[in-house]
Amino acid sequence: MYRHEMAEEELEAIRPLVKEVASRHGSVEEADFLDNARTYAQELPGRLRAFLNAFVLSEPSGVCLISGYPVDNAKVGKTPSHWRKKPDRSSTTEEEIFLNLCGALLGDAIAWSHQRDGLICQDLVPIEGHENIMLASGSELELVWHTEDARYSYRGDYIGLMCLRNPDAVPTTFALIDEVRLDPDQVEVLFEPRFFFRPDPSHPRDSEGEKASVLFGDPRSPYIRFDPYCMDRPEIEEARSAIDSLTRAIDENLTGVALLPGECLFIDNYKAVHGRSSFKARFDGTDRWLKRINITRDLRKSRAVRAAPASRVVH
Ligand SMILES: [Fe+2]
């Protein structure tokens, strides 16, 4: 695992920075915070900045873990019963700021207008009644691995997760495409734009599908875009067999990490698939609670579907 364990002197710099930013902005959802996030992020300790810069630039792994941020269990309060934010000041503003400042070293946070009220920083909590739904708010049904928003070319480059609470050590699952061994002939097939991607259940069902390749970039270390549950079964045997081999190989390589409170996991949405194991939620305020952000390296590419150059919401 590509990881960064924060030293005490780094935390001594981070704590006042996060507090100062929190005193200026009530919420990471404020446009003024988002407009300045990259600037604030330059005040994070150099060792952490260098670590994240290398993660972006050299792609040493499809995931990276930052640990050591102290989470005060009492201060963050009970796990909310829903992702919808309360209008009052959040008990987790400082944690959200830390996650967003780390994210700002990877790119710009974005949200989809039709997902979770267009929130930038989202609470991943089990929702009562969603136990058997395959969404981030589910619990008893495993969230099967996928790349995020695979159907959309405006999908994020990274997903950032920060754990506030995970008492049952529920793993966030992932597989790294660089560790998946495939037959070169099948790689060639997967590089062809002949696979049909449909919107996943978090997007409007009536939006159209898109034909694209599953692998792209450098065939020796490819990028991946893959969500078998939201793709049409190819009619041609050669394509079907390539999809099945890739699915099997990913299944064999699937691993996971049970995040601890304070740990941040960044998943490269081009280099890894991710999911979540099933678990039994209690719905009593002590359940697993993660924060999630979606980051793009190039905000400009979605300009046609955003209201302004600095707007973070994709319509
Ligand atoms: Fe996901």
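Remember, it's a predicted structure, so these values are computed and weren't measured experimentally. All values below were derived from every heavy atom in this structure, side-chain atoms included, with hydrogens, water molecules and symmetry-related copies excluded. Order of appearance sets the numbers: ligands from 1, and atoms from 1 within every ligand.
Each side chain to side chain donor-acceptor pair (under 3.5 Å) pair with one or both residues in residues 212-221, not counting sequence neighbours, appears once here: Asp178-Ser221, Asp218-Arg220, Ser221-Lys271.
Panel detail: the Fe ion (ligand 1) has protein N, O or S atoms under 2.8 Å away, 3 in number.
Taking Asp117 as the reference, Arg84 meet the salt bridge (charged side-chain N to carboxylate O under 4.0 Å, His left out) condition, with sequence neighbours excluded. In this structure Tyr158 satisfies the ring pair (Phe, Tyr, Trp, His ring centres under 6.0 Å) test together with Phe55, sequence neighbours excluded.
Across every non-hydrogen atom of Phe195 and Val189, the tightest pair is CE1-O, 3.5 Å.
Using a 30° and 60° split on the angle between ring planes, Tyr152 and His203 fall in the tilted class, from 30° to 60°.
In this structure, Arg225 forms no cation-pi arrangement with Phe216, as its terminal cationic atom is not both closer than 6.0 Å to the ring centre and no more than 45° off the ring axis.
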